[in-house]
There are 2 protein chains.
Amino acid sequence: MTTIRDIAKAAEVSVATVSRVLNNNGYVHVDTRARVLKIIKEFNYRPNAVARSLYKKQSNTIALILPDITNPFFPELAKAVEDALNLYGYTLMLCNSDERPLKEREYVEILKQKYVDGVILVSHTLAPEDLERLGLPVVIVDRNVHGKIPTVLSNNIGGARRGTRFLKEKGYKVIAHLRGPENIVTSNERYQGYLDVVADESWFHEGLTAVGNYNMKESVTATKELITKYPEIDAIFSGNDVMGVGAVKAVQEMGKQIPDDIGIIGFDGITLGEMIYPELTTIAQPIYEMGVLAARMLIKLIENKPLNTTFYEFPIKLIERKTTR
Amino acid sequence: MTTIRDIAKAAEVSVATVSRVLNNNGYVHVDTRARVLKIIKEFNYRPNAVARSLYKKQSNTIALILPDITNPFFPELAKAVEDALNLYGYTLMLCNSDERPLKEREYVEILKQKYVDGVILVSHTLAPEDLERLGLPVVIVDRNVHGKIPTVLSNNIGGARRGTRFLKEKGYKVIAHLRGPENIVTSNERYQGYLDVVADESWFHEGLTAVGNYNMKESVTATKELITKYPEIDAIFSGNDVMGVGAVKAVQEMGKQIPDDIGIIGFDGITLGEMIYPELTTIAQPIYEMGVLAARMLIKLIENKPLNTTFYEFPIKLIERKTTR
DNA sequence: TTGAAAGCGCTACCAT
DNA sequence: ATGGTAGCGCTTTCAA
């Protein structure tokens, strides 16, 4: 490996000078500068990032902690984050927490040991107090934590209302809801939005909501039970697209027609919704933009630049596809 | 931040001794050891990984370079790799190459600067020579590169034959093929396997193969064109599941019945295949196992342990679901 | 069994 | 405009 000393020697200057041209700071004569640059190129020299990190206490890498990259929502977010990070010269560490608080905590410790500069946290299990004590810049995506931690999310309640209302407008009469885990904010908000729209309907009762825990398998089962038990159901507002896709599958397996017998609308706007037949109508969050913004905010935080807003809520968008009439 | 010196001071020993107990090597008296450990716990001290890296020239992190985490095959692999890595105390760097040779190359340079210990490369654009010059332990997944680089893959030709033959056995008469990109080994091998089985059939001609480039959109278009142009087609062997899912969608959009009018079989065994209706019959690779093995091999390589095999080919498995009769 | 000190490769301060 | 050098936090000789 060639080091800064080798370059200094070859260019007949001190390491200090080489460091100066490397970092573009401090005075250095144009000629020496040129000479050093030439040698650097000749040797194809690249400064050692670890040595640099040790001194500067930062690593130009940030971590993305999420429950499970296998859940189709997260790769889309991860892609956005990576793209944005790259633009600013940062590198991405991927951490699956498996929703386990312990693993999440351990990860944070390891990250600190590695001088990781900051963390983007999606759907964490850490309490706000824990987060604030983290000793690491953090931005949260997709979970509304009540604290001073910068947060990026979308209008869940509004989106849920919009989706449910849309179903009504389309003439569906009895709208069921597939909800996510009970301990997750987005899930509760979406449920709330649904309630806001339907709670006063004559046909409404609590049995119309079933828990699908944001995953396919449970959603398929839940949907079948729901429809079997309450055959009057003719529409489903699903708390996320994954469950929505599960509902589509369940309904098809039961031999019913979509969107005529049953209309379905999801939430998230992941590409999975476009991969199935019929394509899933959904309340879309701007996932990519959210990821990019989170990355940008984190970088600002890291570089001690001011944040205009510490809390950003994106509007949602109704994408009408084929699972609604 | 508390450092090794703080611990040394508090425990009234030298940093050398602390280092010894930290790393469990060299002689240290049981009592001093206990004392040091106690102080470490008291201070909740964690050694600085960067300083360690600088000295040892390794970082306990490995990188996974893949084309695009958004493609549903890769998250499953990434999950496996991460799980395995964690077991051995390694951490995962995620790098999307976007199939761009330049980005891939830049990444490798950055990784070297960071003392990343090794790389798992999926579907790279680097030539074997480049790889060998990399100066970094590498294992390749899913691409058969002819070199001495350790490789993990599955039996693509055999799998393709098996899948195509299966379609014949089920009584399908005219079998088309949706193939992947022409410059990718797995894609060519799967094509070859298809040819091996059908090339001598009276109905066979080259027009029955269409390029879907391993992605959904193109596969939908390609499938529709194929079926429109050659209405006698009654089965499709798809080079991967993503295209298979695309084919299912295309066929349904055309109003044909699966599996009666048209049978479809995919390749890969990703969970996406189970999310659609009807569920996709497929030639499954053991993706998780492949990821785990790749990680293990890489770690052995890094730790200079002997590798029993430098080339590992997994058997495939036919999973019969609902897109074939 | 323990400690002193060199050194990993770099940055930044203080001189000159 | 340039150089010398301390120091980032750790590991590992070498001596004691």
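In this text the structure is predicted, and so the values were computed from the model without any measurement. Lettering of chains follows the sequences in order, A, B, ..., and the numbering in each one begins at 1.
- Here D/dC8 presents its P atom at 17 Å from CD of A/Q58, a figure rounded to the nearest Å.
- Using a 3.5 Å distance cut-off with no hydrogens or angles, the side chains of B/Y27 and B/R20 do not pair a donor with an acceptor.
- Between the CG atom of B/N25 and the P atom of D/dT12 there is a distance of 6 Å, given to the nearest Å.
- Taking a heavy-atom distance under 4.0 Å as the criterion, the stretch of DNA chain C touched by chain B extends 5' to 3' from C/dT1 to C/dG9.
- For A/R5 and D/dT5, the CZ to P distance is 11 Å, given to the nearest whole Å.
- Nearest heavy-atom pair across B/D68 and B/N96 is CA-ND2, 3.1 Å.
- Phosphate contact (OP1/OP2 of D/dT2, side-chain N/O of A/S14, threshold under 4.0 Å): absent.
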Step-by-step side-chain contact (heavy atoms from CB on, under 4.5 Å) determination, B/M290 to B/S154: CA-CA 8 Å; B/M290 289 169 73; B/S154 65; 4.3 Å; yes
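- More than 12 heavy-atom neighbours from other residues, nucleotides or ligands sit within 6.0 angstrom of CD on A/E303.
- Taking a 4.0 Å limit (strictly below) on heavy-atom distances, residues 40-47 of chain B reaches DNA chain D at B/Y45, B/P47.
- Between the side chains of A/D268 and A/Y214, no donor N or O sits under 3.5 Å from an acceptor N or O.
- Rounded to whole Å, the distance from CG on B/N23 to P on D/dT13 is 12 Å.
- Around NZ of B/K300, the count of heavy atoms belonging to other residues, nucleotides or ligands within 6.0 Å does not exceed 12.
- Toward the 5' end of DNA chain C, the nearer of the two residues A/N48 and B/G26, judged by each one's closest nucleotide, is B/G26.
- The CG atom of B/L54 sits 13 Å away from the P atom of D/dT12 (whole-angstrom rounding).
- Helix bend of the helix from C/dT1-D/dA16 to C/dT16-D/dA1: the angle between its two end axes, each built from five pairs, comes to 50° after rounding to 10°.
- One can place CG of B/L22 at 11 Å from P of D/dT12, the figure rounded to the nearest angstrom.
- The main-chain N or O of B/F314 is never found under 3.5 Å from a side-chain atom of B/Q285 such that the two would form a donor-acceptor pair.
- Without hydrogens or angle criteria, A/D117 side chain to A/I62 main chain gives no donor-acceptor distance under 3.5 Å.
- Between A/I7 and A/V18, the shortest heavy-atom contact is CG2-CG1, 3.9 Å.
- Rounded to an integer number of Å, the gap from B/K56 NZ to D/dC10 P is 13 Å.
- Among the protein residues, B/V50 comes within range of no part of the nucleic acid, since none of its heavy atoms lies under 4.0 Å from any strand.
- Backbone-only contact: A/T3 has heavy atoms under 4.0 Å from sugar-phosphate atoms and none from a base.
- Considering only side-chain N and O atoms, A/K57 lies under 4.0 angstrom from the phosphate OP1 or OP2 of D/dG9.
- When the nucleotides D/dC10, D/dC8, D/dG3 are ranked by their closest atom to the side chain of B/I4, D/dC10 comes out on top.
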Atom pairs and distances, side-chain donor-acceptor, residues 33-41 of chain A, under 3.5 Å, sequence neighbours left out:
{"unit_1": "A/R33", "atom_1": "NH2", "unit_2": "A/N24", "atom_2": "OD1", "d": "3.2"}
{"unit_1": "A/R35", "atom_1": "NH1", "unit_2": "A/A11", "atom_2": "O", "d": "2.4"}

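- Residues B/V122 and B/P67 share a closest heavy-atom pair of O-CD, 3.7 Å.
- There is a side-chain donor-acceptor pair under 3.5 Å between B/Y288 and B/D83.
- Considering only residues two or more places apart in sequence or on other chains, A/T151 meets the side-chain hydrogen bond (donor to acceptor under 3.5 Å, both in side chains) condition with none of them.
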Protein N or O to nucleotides 14-16 of chain D N or O, pairs below 3.5 Å:
none

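- The B/Y55 side chain lies nearest to D/dT12 when the options are D/dT5, D/dA1, D/dT12.
- Residue contacts for A/T32: at a heavy-atom cut-off of 4.0 Å it reaches the sugar-phosphate backbone alone, with no base atom in range.
- When the shell of 6.0 Å around CZ of A/R46 is examined, it contains more than 12 heavy atoms from other residues, nucleotides or ligands.
- Heavy-atom nearest nucleotides on DNA chain C were determined for A/A51 and for B/A16, and the one closer to the 5' end corresponds to B/A16.
- Here the side chain of A/Y115 pairs no donor or acceptor atom with the backbone of A/K56 at under 3.5 angstrom.
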